[in-house]
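Just so it is clear, the structure is predicted and the values come from calculations on it, not from any experiment.
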Amino acid sequence: MITLTTSRDPARRTRSFAKVISRYMNWRYVQRGKRGLEDLLQEFNHLIMVREIKGNPAFLDIFIDQRKILTIRMNVGIIRKEKFDDSPVYFTGDLDFDPLLLGALPKTKAGEKFALKYDLRKVVRVKKKRDLEFYFDDKLVLTMKILGVRHEGDNHFGK
């Protein structure tokens, strides 16, 4: 299971974003408290950390097996608190990274077949590889613009 946490002492907007996206994506949300990153990495196999700039969520750091494999630079727009079910999340459109890293169904033949077979309530519409709109029952609950993606080993953010 994927676990999400924040950097230390997050602002209200960052906490709100972390809680909404974790509920939407079916991740476990863990308050960080005073725990260090090393302790969290030892405790959780698949960890996503939200970091902020000036009180706004700005980065998603994705760790698997105690290694950072991906950093996503983002701007968050709309954040609406909703009650979500635990249905799978389906991404439409192309991304600069694999949505499986986020625990979501990618736009592959198998993913599309699954989406047609089941009435999916959670759909993330990807526009121009950068703009993400998160829908639940055709209601917009979260918007996010990806500013850059950096894979482990890269020296800069790709556009």
Side-chain angles (χ1 to χ4, degrees), residues 1-7 10-29 46-65 67-159:
M1 171 173 246
I2 299 173
T3 304
L4 180 108
T5 192
T6 60
S7 54
R12 180 179 293 150
R13 182 167 167 79
T14 302
R15 275 194 317 269
S16 180
F17 167 75
K19 289 176 183 177
V20 168
I21 198 166
S22 66
R23 283 188 215 122
Y24 186 90
M25 297 296 297
N26 304 319
W27 299 337
R28 178 183 348 165
Y29 174 73
H46 195 151
L47 180 73
I48 298 178
M49 184 169 62
V50 179
R51 290 187 291 137
E52 61 184 24
I53 294 176
K54 296 183 180 179
N56 291 303
F59 297 96
L60 287 177
D61 293 328
I62 301 171
F63 298 87
I64 296 178
D65 295 330
R67 273 190 41 236
K68 186 193 295 190
I69 60 164
L70 185 71
T71 298
I72 300 169
R73 172 77 169 95
M74 65 187 177
N75 277 346
V76 176
I78 297 169
I79 302 172
R80 290 198 177 101
K81 295 179 183 177
E82 290 284 329
K83 286 206 175 234
F84 303 116
D85 60 11
D86 58 354
S87 63
V89 178
Y90 178 65
F91 276 73
T92 65
D94 295 322
L95 281 171
D96 294 336
F97 59 92
D98 189 355
L100 284 172
L101 292 172
L102 305 178
L105 294 170
K107 188 181 177 186
T108 61
K109 286 186 179 184
E112 289 175 0
K113 194 173 185 179
F114 185 87
L116 289 174
K117 188 173 182 179
Y118 298 97
D119 183 27
L120 298 180
R121 301 178 72 187
K122 296 177 185 173
V123 177
V124 179
R125 295 186 183 132
V126 182
K127 299 181 176 184
K128 300 179 185 176
K129 291 190 178 188
R130 296 290 174 180
D131 296 328
L132 279 60
E133 296 177 341
F134 295 73
Y135 288 89
F136 181 70
D137 284 340
D138 294 325
K139 183 178 177 183
L140 183 65
V141 294
L142 184 67
T143 60
M144 195 167 89
K145 182 174 189 73
I146 296 177
L147 302 176
V149 176
R150 182 173 59 202
H151 296 273
E152 182 63 25
D154 288 351
N155 293 329
H156 65 284
F157 278 95
K159 292 192 177 192

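Residues Arg13 and Val76 form a side-chain contact, since some pair of their non-hydrogen atoms from C-beta on lies under 4.5 Å apart. No side-chain heavy atom of Val20 sits under 4.5 Å from any side-chain heavy atom of Arg80. Put simply, the side chain of Arg51 reaches to within 4.5 Å of the side chain of Thr71, judged on heavy atoms. Here the side chains of Leu60 and Val50 are in contact, with some heavy-atom distance below 4.5 Å. Looking at heavy atoms from C-beta onward, Leu120 lies in side-chain contact with Pro88 at the 4.5 angstrom threshold. Ile48 places none of its side-chain heavy atoms less than 4.5 Å from the side chain of Ile21. Residues Val149 and Leu95 fail the side-chain proximity criterion, which asks for heavy atoms closer than 4.5 Å.
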task = Evaluate side-chain contact (heavy atoms from CB on, under 4.5 Å) for Asp85 paired with Lys122, printing each intermediate quantity in order.
result = CA-CA 9 Å; Asp85 60 11; Lys122 296 177 185 173; 3.5 Å; yes
inquiry  = side-chain contact (heavy atoms from CB on, under 4.5 Å), that's the test. Do Lys19 and Ile79 meet it? Break it down for me.
reply    = CA-CA 10 Å; Lys19 289 176 183 177; Ile79 302 172; over 6 Å; no
message = Does Ile62 form a side-chain contact (heavy atoms from CB on, under 4.5 Å) with Phe97? I'd like the steps, not just the answer.
response = CA-CA 11 Å; Ile62 301 171; Phe97 59 92; 5.7 Å; no
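Residue Met1 comes nearest to Asn26 through the heavy atom pair CE-O, 3.8 Å, listed as atom of the first residue, atom of the second, then distance. Residues Phe134 and Met25 approach most closely at CE2-SD, 4.2 Å, considering heavy atoms. In terms of heavy-atom proximity, Leu100 sits nearest to Ala104 at CD2-O, 3.4 Å.
Distance alone, capped at 3.5 Å, places no donor-acceptor pair between the Trp27 side chain and the Ala18 backbone. Side chain of Lys81 to backbone of Ser16: no donor-acceptor contact under 3.5 angstrom is found.
Put simply, NE2 on His151 and CG on Leu101 are 8.5 Å apart, with the number rounded to the nearest 0.5 Å. Here Ile78 contributes atom CD1 and Leu140 contributes atom CG; the two are 4.5 Å apart, rounded to the nearest 0.5 Å. Expressed to the nearest 0.5 Å, how far CG of Asp98 lies from CD1 of Ile69 amounts to 9.5 Å. His46 contributes atom NE2, which lies 10.5 Å from atom CG of Leu4 (distance to the nearest 0.5 angstrom). A distance of 5.5 Å separates CZ of Phe91 from CG of Leu132, quoted to the nearest 0.5 Å. The distance from atom OG1 of Thr5 to atom CZ of Arg28, rounded to the nearest 0.5 Å, is 11.5 Å.
Not counting sequence neighbours, the partners of Arg15 by the side chain to side chain contact (heavy atoms under 4.5 Å, CB included) test are Pro10, Arg12, Tyr29. With sequence neighbours left out, Phe84 forms a ring-ring contact (aromatic ring centres under 6.0 Å, His included) with Tyr24, Phe136.
Residue pairs satisfying the side-chain hydrogen bond (donor to acceptor under 3.5 Å, both in side chains) criterion with at least one member in residues 134-148, sequence neighbours excluded, are listed as follows: Glu82-Lys139, Arg121-Asp137, Asp131-Lys145, Glu133-Tyr135.
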